[in-house]
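Reviewing the structure listed below.
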Amino acid sequence: MNWKNYTSLPKIFQNQRIFDGCGISGYLNIDGKRESGTKVKDMLCILHDRENGLGAGYAGYGIYPDYKDYYALHILFDDEKSKEKVISYLESMGYIILSEPIPTKTPSNVDNPPIIWRIFYEPKKMKSISDDEQMIELVMQINANFDGAFVMSSGKNMGVFKGNGWSYEIADFYKIEDYKAYMWLAHSRFPTNTPGWWGGAHPFNLLGTSVVHNGEITSYGTNKRYLESFGYKCTLFTDTEVIAYLFDLLVRKHKLPILIASLALAPPLFNEIERMDKEFQIALKNIRATYRSAMLNGPFSIIVGHNDPIPTMIGLSDRKKLRPLVAAISNDDNTVYISSEEASFKRLKLNAEFCDEFKEIWHPKSGTAIIARVGQGLLRNGLEKPLEKIKLSVMGG
Amino acid sequence: MSIEHNIPNYFRVKIESDHCKKCKRCVSHCSYGALSFNNEKIISDDSKCVACNRCASMCPGKAIKIVKDESCLPPHGNYSRRIRNIIWAQSGTGGVLLSATGNDRPIRNIFDDLLLDACQVTNPSIDPLRETIETKVFFGRKPQKLDFTTDPIDPNKISLKTEFLPHFEIDMPLMVGHMSLGSISYNACMAIYQAVNELNILAGSGEGGLHPDFYEYGKNIITEVASGRFGVDIKYLQNTVGLEIKIGQGAKPGHGGHLPGEKVNSMISQTRMIPKGSDALSPYPHHDIYSIEDLAQLISALKEATRYKVPIGVKIAAVHNSAPIAVGIVRGGADFISIDGFRGGTGAAPRIIRDHAGIPIELAIASVDQRLRQEGLRDQVTLVAGGSIRYSADLIKAIALGADVGMVGMPVLIALGCRVCQQCFRGLCSWGIATQKPYLVKRLDIDVARNRIINLFHAWNEELKEILGAMGIDSIESLRSNRDRLRYIGPNPRIADILNVKHAGE
């Protein structure tokens, strides 16, 4: 069945939440070396049983060094008319530096692709709100109120390429081998109750944060209502959208260190907390009390890409590890890999093009974040106790 | 001839003479004077029977059965027996009719029209017998955000700047609603406080002060400051875990507390600081609170008095405007809000207001939670909701609609033996619960009563975990306000709209 609706769910499916099972993969080069998308495509496509051809996507960080100071908008349009409308709206709100189609395979290898466009953009400077806030407003405005338009990504020096099809089809369609990035995230879908649609594929992105997600958040309603009280609009009816916004709220707005944010999303159990040092107890109980509505429940594994200010890759699973997540590091300690399955790493080892050798492959603990950062290395391997290695001081009365 | 009309009886005491041992135990146990012995057999005055069933359960020969009186009135679809009885009683006494417990009208219960979700295939359910499911709740004020800073040189050096906000932990999302010493007996209070202490949950003191014996359980008691200020002194304010300003009560919105003088013996008079035998009628409004800014002043005065160490909350009855009122209360500085629905219980209330004022708690939770979210205030405060949370299913639904903690009264009393005869205001409770008469109070064994409450709530908590597990949720905070996991099955889709819950099948 071909859904010709790219930018929103077909009417009959609107108001329904999307459940899916998925494959996720990603890697980050600590020295910042940029590599083409073929490697991440290889990692993902081998997880064939995790998808059913109804959606896949890729996110590359570092792909637009020449335009790194501008917001790169990747937008899907149903037709020329909606494109014109959005472009004139963007012109009224700021400056379009470059506006061009995203190159895709011709003839197309997927059915009925939408118009796929990218715009490098700078919002008008405003005293009252930051550029980032303005961009979020803008993106939410377009996605909620412009029929036939959907912003896939809006970060700087990064972009999301996603659509309806098998993982290899989408990779070929967008020619991701032509982009070079120091961090790649990838996702393939197995949606169960709605058709695949272009906008609904992963990664989900908001500014510099992209999320690929395998799982189903049972706390969706709680998280959604929490986010709404901070002005986020959850319009896409997927749990992944909620995770992306939670990261944005905790890391960008509340400025929590990434480790602390991961502990808010998947906090340790109370009986574990109660066995810790007093300072840790205070911190973790405060996190649980304050961010109780941000806690993610239900099975999930996610990889999050974040580039504000330093490019970082985060892997996290739920507190019971009901979805798989496995990590690896290359022999030269320079590349950190995360994937749903070990097959991704074995594939890279066997592929004559890469012949990647792994120093170690390990299974991160449930609810424990892996954090790798450009220039700083593998900060957490996901095997630590919560707050292990952290020198924590608590101030205040 | 008396002006009192002979009202047809509701109940009949049936005594099987074959089984009656004539031990007269029933006569001594009937506190309402319905039974007597005429030297030959036990005879009953059915007009006095309230169907409390004390005689039946105490009869060693199981000879007594309370049945519905069979005599019938001419049928009428509009003037029900209930309405006719009200008119007869009122025209006999010329007064406002008193009543007790909660609204007894058969109004459709919205909790019963809600169904819960469970996991199938796409996400696994969690087995509470093998996995941890958490039910701990932080009660009181929370910050909107935390201030963590990372050392610019060493990323492993993190500091947390936090100011003291008054909150504490309880182990289950449960609070025994405010029932004062006076409305219920010393033994009932003691059993409740010991039980909540053991379970590490909460109980309300009610507005009747705190007996010296109860202070040792202060870390699980929230004391109440009501319009009558009964029993309020500095010790009362400073020795409990939280303070609540009582504005209203679900059973009687717009009214203050009523404690009939019959129940004010010397112990009650000392605890409440009022003369023996006098009616303790709280003023309807607080006479120092005629508007929201006055309430804010009282909140800050109480915060001063308690040195900002404990959460200060406000209890209101669920009424049409609960949502904006709740917002005002939070903006006025309250750390928690309690809302009591129109089915909430009482020891004594005018029947007319018990039966006709207020709104269902389900709707109030939904609208208050929603409004607080719109104002960005919801997650900073604790929302306590009560007013007919009858069993664990109601508690779960209340939390899924948006409450943090469920407030429970009647189920506790029923656990202690209450048969819901609705005579609490008369102070004659034959089960020793809602009475102050020493010979009746001692019928309630504190240890047994305490253990029955512990059992009840332990069972609720286990059921809560069972349901959470089936929903694939391993911690109670992920159920709160998770209306996505509820569906409506009742006849009125408008209710589903207000609750922001989809219809079953959607």
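So you know, we letter chains A, B, ... as the sequences are listed, proteins then strands, and number each from 1. What you see is a predicted model, and the numbers here were worked out from it, not measured in a lab.
Comparing A:Gly231, A:Pro257, A:Pro267 by how many heavy-atom pairs each has under 4.5 Å with chain B, the most go to A:Pro257. Contact tally against chain B (heavy-atom pairs below 4.5 Å) for A:Leu259, A:Leu269, A:Leu249: the top residue is A:Leu269. Counting heavy-atom pairs under 4.5 Å between each of A:Asn223, A:Leu256, A:Ile260, A:Asp318 and chain B puts A:Ile260 at the top. Heavy-atom pairs under 4.5 Å with chain B peak, among A:Glu279, A:Gln376, A:Lys224, A:Lys389, at A:Lys389. Ranking B:Glu169, B:Arg378, B:Gln380 against chain A, the residue ahead of the rest is B:Glu169, based on heavy-atom pairs under 4.5 Å. Of the residues considered (B:Ser125, B:Pro155, B:Gly472, B:Cys119), B:Gly472 shows the highest number of contacts with chain A, using heavy-atom pairs under 4.5 Å. Annotation: maximal heavy-atom pairing with chain B below 4.5 Å, among A:Val394, A:Leu392, A:Leu379, A:Asn297, occurs at A:Asn297. The candidate from B:Glu375, B:Met471, B:Glu506, B:Gln144 with the greatest count of non-hydrogen atom pairs under 4.5 Å with chain A is B:Gln144.
Taking both residues in full, the closest heavy atoms of B:Thr122 and A:Arg323 are given as O-NH2, 2.6 Å, listed atom of the first, atom of the second, then distance. The two residues A:Ala283 and B:Leu160 have their closest heavy-atom pair at CA-CD2, 3.8 Å. The two residues A:Gly221 and B:Asp484 have their closest heavy-atom pair at CA-CB, 4.0 Å. The shortest non-hydrogen separation linking B:Ser475 to A:Met295 is CB-CE, 3.5 Å. What you find for B:Arg480 and A:Thr222 is that their closest heavy atoms are O-OG1, 2.9 Å. Here the closest heavy-atom approach between residue B:Ile126 and residue A:Lys320 is recorded as CG2-CE, 3.7 Å.
With hydrogens and angles disregarded, no donor-acceptor distance shorter than 3.5 Å links the side chain of A:Tyr226 to the backbone of B:Asp379.
Residue A:Glu272 places its CD atom among more than 12 non-hydrogen atoms of other residues, nucleotides or ligands, all under 6.0 Å distant. Within a 6.0 Å sphere centred on NE2 of B:His458, other residues, nucleotides and ligands contribute 12 heavy atoms or fewer. The number of heavy atoms from other shown groups lying within 6.0 Å of NZ (A:Lys385) does not exceed 12.
Atom CD1 of B:Ile158 and atom CD1 of A:Ile390 lie 4.0 Å apart (nearest 0.5 Å). Atom-to-atom distance recorded for A:Phe230:CZ and B:Lys145:NZ is 10.0 Å, nearest 0.5 angstrom. For the atom pair A:Thr218 OG1 and B:Asp474 CG, the distance stands at 7.5 Å (nearest 0.5 Å). One distance of note links OH of A:Tyr220 with CG of B:Asn482; it measures 10.5 Å at 0.5 Å rounding. To the nearest 0.5 Å, atom OG1 of residue A:Thr290 and atom NZ of residue B:Lys142 are 8.5 Å apart. Once rounded to the nearest 0.5 Å, the distance linking CD1 of A:Ile287 with CZ of B:Phe148 reads 4.0 Å.
Only the side chain of A:Leu322 comes within contact range of chain B, with at least one heavy atom under 4.5 Å from a heavy atom of that chain. With a 4.5 Å cut-off on non-hydrogen atoms, A:Arg288 touches chain B through its backbone and its side chain both. Using a 4.5 Å cut-off between heavy atoms, B:Asp154 contacts chain A through its side chain alone, with no backbone atom that close. Using a 4.5 Å cut-off between heavy atoms, B:Asp151 does not touch chain A at all. Heavy atoms closer than 4.5 Å to chain B are found nowhere in A:Phe300, neither backbone nor side chain.
A:Pro299 has its side chain within reach of B:Pro124: a pair of non-hydrogen atoms, C-beta onward, lies under 4.5 Å apart.
Ring-centre distance between B:Phe138 and A:Phe270: below the 6.0 Å cut-off.
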query = Taking it one step at a time, do A:Arg225 and B:Asp369 satisfy salt bridge (charged side-chain N to carboxylate O under 4.0 Å, His left out)?
reply = CA-CA 10 Å; A:Arg225 292 174 66 75; B:Asp369 178 78; 2.7 Å; yes
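A salt bridge links B:Asp404 with A:Arg292: the closest approach of a Lys/Arg side-chain nitrogen to an acidic carboxylate oxygen falls below 4.0 angstrom.
The interface of residues 128-137 of chain B with chain A, defined by heavy-atom distances below 4.5 Å, comprises B:Glu131, B:Thr132, B:Glu134, B:Lys136.
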